[in-house]
Amino acid sequence: MNSEALTPTDYGEPTNVPVIEVRGVSKSFDDGRIVALDDVDFTVYPGELVALAGPSGCGKSTLLHLLAALDSPTSGRVRVLGYDSDHPHDVNGFRRCDIGLVFQLHNLLPHLTAEQNVAIAMFGTDLRVAQRRARARDLLAQVQLQGREGRKPPLLSGGERQRIAIARALANGPRLLLADEPTGSLDTAAVDHTLELFERLRRDKGLTMVMVTHDPRVAARSDRIVSMRDGRVVEA
Amino acid sequence: MSFVHLIFHNIGARRARSFFTTVAVAFGVAVVVTLGVVTSSLRQSAAAVLQTGSADFTVAQKGMADVLNSTMGERELAEIRGYSEVASAVGALITIEKLNEDNPAFIRIGLPPSELSVFGVRVLEGHAYTARSTNELMLGFRAAQHLHKKVGDRMVVGDDPYTVVGIYSTGNEIGDSASMFPLVHLQASMRLTGNVTLTFVRVRSGTDVEAFRKRLETENPQLTTVRFTTEFGRVDRNLQLISAADRGAAFISWIIGSVIVMNTMLLSFFERTREFGLLRAVGWSRFRVMVLVISEALIISVGGASMGVGLSYFGTTFLQRLPQLRGLLEPEYSAGIFWRALYLAGGMALCGAIYPSLRAAFLVPLKALRRE
């Protein structure tokens, strides 16, 4: 992949400053016995919606975790919105404000309500309690969960939990959304609505998105599909 | 949801464990506070004996286990009186007698009638006893009220019958709750002829009291002086032992309480590993995670401290009713006692929570999120 190439999108001005630059990244576990990523190069430009596709175990989620600074590469360099794996700094601010992360397993706190689960991501920002609450309610309404604000995750369906996780990822107005199977638990109508929400965020906020997905509907709406196999990018 | 709300919410989410940890801390605090109250009360009661006479300081025999075992002879009394700085030195024999079950510690003070006024005694009713009488006594007005005695009444003290010839006041609570006898008679009945327990010294105006005390102690190494109640341990090693036991119990309670809090917070940490991983993944700083864990422990411990003070009240009341301590223990719940409970609880929380909070703060988010 040519990192210098312009990658125009349908939304916003094209730019040659990548949001994500992954260069020669490898990641191994268990003292090198398990190679999850093998010399991966990968670039994403502002406003792009990139689908990461590939069979289970091919390294998609590992790559997403490296992009979210939840893990560091064994070798190579990951640079996301100025955050550099070679020179890490203010990782908390990066995780809190620059990116939004939707986990495959939602990772909601079962003893907190839907609203509190969203608001918890806003601790450490300048927002006051009332502002955090209002924003959490607004985000829940955007993912069609109005009226469910006071419910706790165990009392909600898988799809509803998925939408809370999406709302939480959007809590601090990130510039980059990283999502691991964000529509995996949603029914058709909810998938359409979520994808419309993503489209709107791209259009209005210039949000860049990288999604791990097996869903052809998500892939069809993406600008690019990056296919992975055995820890390598095979098609971009 | 505010951060404080989240702290309370997390405690409430694990009600049973939080409650039982609070109870455990409460028992630790209760033991320490009760011992503190008892020690402080005993110190106050005992030290008050030294303050019965109006004096700048009191002289006693050095190295006594109990201040009332102090014995000073006429020669030592004369030596003290011989110092030019001394305005007056009143030697008093002090003993404690059991009157009955309700009055197990009745204080008897032996003084010559000529020194009553120097000692600060003011006769309110009747008259002072005579120097050589063997059946006269005076009662402090508080003792008279408590015993329902008035001038002319008879009472038995230590198998001997006496007539109450006067009611007096010293301006000191303990002194006013005591009784006074002719010194010679009390010395004879206690088989301590020529001896006194304590000497109450008043210095001439302009004398540097501290410097004079030091000089007196240097020149009379068998004697020690006490000016403040906090110095009472110098003349009463029993109280030193009680105080040491009190400090030891506080230390042990602190250790046990800290271990209990740590156990609870560690259990909580293992249960909430994914939660802490998530908080770190959404941008919580290590410091914020630590503050969350430590604050939860602090709230539980402060709750335990409050409960412990309540338990201590019942514990002290129980001790007060024990026949061995009846009349000796007058609990004083000073602000210091409550601060002690708070310090202890705070110490338990900090020591118990610091390790779990560090574990939570330094979790690798991804590994934590993978924890089943």
Side-chain angles (χ1 to χ4, degrees), chain A residues 27 29 36 61-62 64-66 68-72 90-125 127-133 136-137 149-150 152 165 168-172 174 178 180, chain B residues 1-19 21 264-265 267-297 299-300 357-358 360-372:
Chain A
K27 178 70 182 175
F29 299 99
S61 294
T62 302
L64 207 68
H65 294 148
L66 294 183
L70 290 178
D71 209 346
S72 50
D90 190 20
V91 68
N92 301 324
F94 172 73
R95 288 175 187 158
R96 184 171 56 241
C97 297
D98 292 335
I99 63 164
L101 185 58
V102 181
F103 295 95
Q104 190 174 11
L105 296 173
H106 317 151
N107 282 319
L108 301 176
L109 302 183
H111 57 88
L112 298 184
T113 63
E115 181 190 304
Q116 290 166 339
N117 264 289
V118 176
I120 204 149
M122 291 182 249
F123 279 90
T125 65
L127 295 178
R128 295 183 175 188
V129 175
Q131 290 171 312
R132 291 203 291 259
R133 193 170 181 211
R137 286 179 166 264
E149 296 91 346
K152 292 183 178 175
R168 183 181 62 196
L170 298 171
N172 296 316
L178 303 167
D180 201 347
Chain B
M1 171 181 256
S2 68
F3 190 66
V4 173
H5 182 187
L6 180 64
I7 292 165
F8 280 98
H9 179 93
N10 286 341
I11 293 169
R14 296 158 189 85
R15 281 187 201 88
R17 186 185 304 158
S18 299
F19 173 75
T21 307
T264 300
M265 300 316 289
L267 274 174
S268 176
F269 161 74
F270 288 122
E271 272 184 8
R272 297 162 66 190
T273 299
R274 285 175 67 96
E275 176 181 333
F276 294 129
L278 175 79
L279 295 176
R280 294 281 292 125
V282 298
W284 277 44
S285 65
R286 290 194 169 107
F287 178 73
R288 188 178 291 274
V289 172
M290 282 185 74
V291 170
L292 178 74
V293 175
I294 291 174
S295 299
E296 288 174 20
I299 298 289
I300 288 172
S357 72
L358 282 169
F362 283 87
L363 276 172
V364 176
L366 201 55
K367 285 183 181 170
L369 288 166
R370 283 179 181 147
R371 181 77 65 90
E372 290 299 323

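Naming convention: chains lettered A, B, ... in sequence-line order (proteins, then strands); numbering from 1 in each chain.
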Quiz item: Does CZ belonging to A:Phe29 count more than 12 external heavy atoms closer than 6.0 Å?
Solution: yes

If you tally heavy-atom pairs under 4.5 Å against chain A, which of [options] wins?
options	result
B:Ser285, B:Gly283, B:Ala13	B:Gly283
B:Leu279, B:Val364, B:Leu366	B:Leu366
B:Arg286, B:Arg272, B:Arg288	B:Arg288

Practice problem: Cation-pi check, B:Arg274 to A:Phe103: give yes when NZ or CZ is under 6.0 Å from the six-membered ring centre and within 45° of the ring axis, no otherwise. | Solution: no

Distance-minimising heavy-atom pair for [X] and [Y]:
X	Y	answer
A:Leu70	B:Pro365	CD2-CB, 3.9 Å
B:Met1	A:Val129	N-CG1, 3.7 Å
A:Arg95	B:Arg280	NH1-O, 3.2 Å
A:Ile120	B:Trp284	O-NE1, 3.0 Å

Quiz item: Is there a donor-acceptor contact under 3.5 Å from the side chain of B:His9 to the main chain of A:His111?
Solution: yes

Practice problem: Begin with the C-alpha distance, continue with both residues' side-chain angles, and end with the deciding distance and a verdict on side chain to side chain contact (heavy atoms under 4.5 Å, CB included) for A:Leu112 and B:Leu6. | Solution: CA-CA 9 Å; A:Leu112 298 184; B:Leu6 180 64; 4.1 Å; yes

Which atoms of [X] approach chain B - backbone, side chain, both or neither, heavy atom under 4.5 Å:
X	value
A:Arg168	side chain
A:Arg132	side chain
A:Ala121	both

In Å and rounded to the nearest 0.5 Å, what is the [atom1] to [atom2] distance from [X] to [Y]?
X	Y	atom1	atom2	value
B:Leu278	A:Leu105	CG	CG	12.0 Å
B:Leu369	A:Asn107	CG	CG	4.5 Å
A:Asp71	B:Lys367	CG	NZ	8.0 Å

Practice problem: Tell me, for B:Ala281 versus chain A, whether the close heavy atoms (under 4.5 Å) come from the side chain, the backbone, both or neither. | Solution: both

Quiz prompt | Among the listed options A:Arg128, A:His65, A:Met122, A:Arg133, the residue most often paired with chain B at heavy-atom distances under 4.5 Å | solution = A:His65

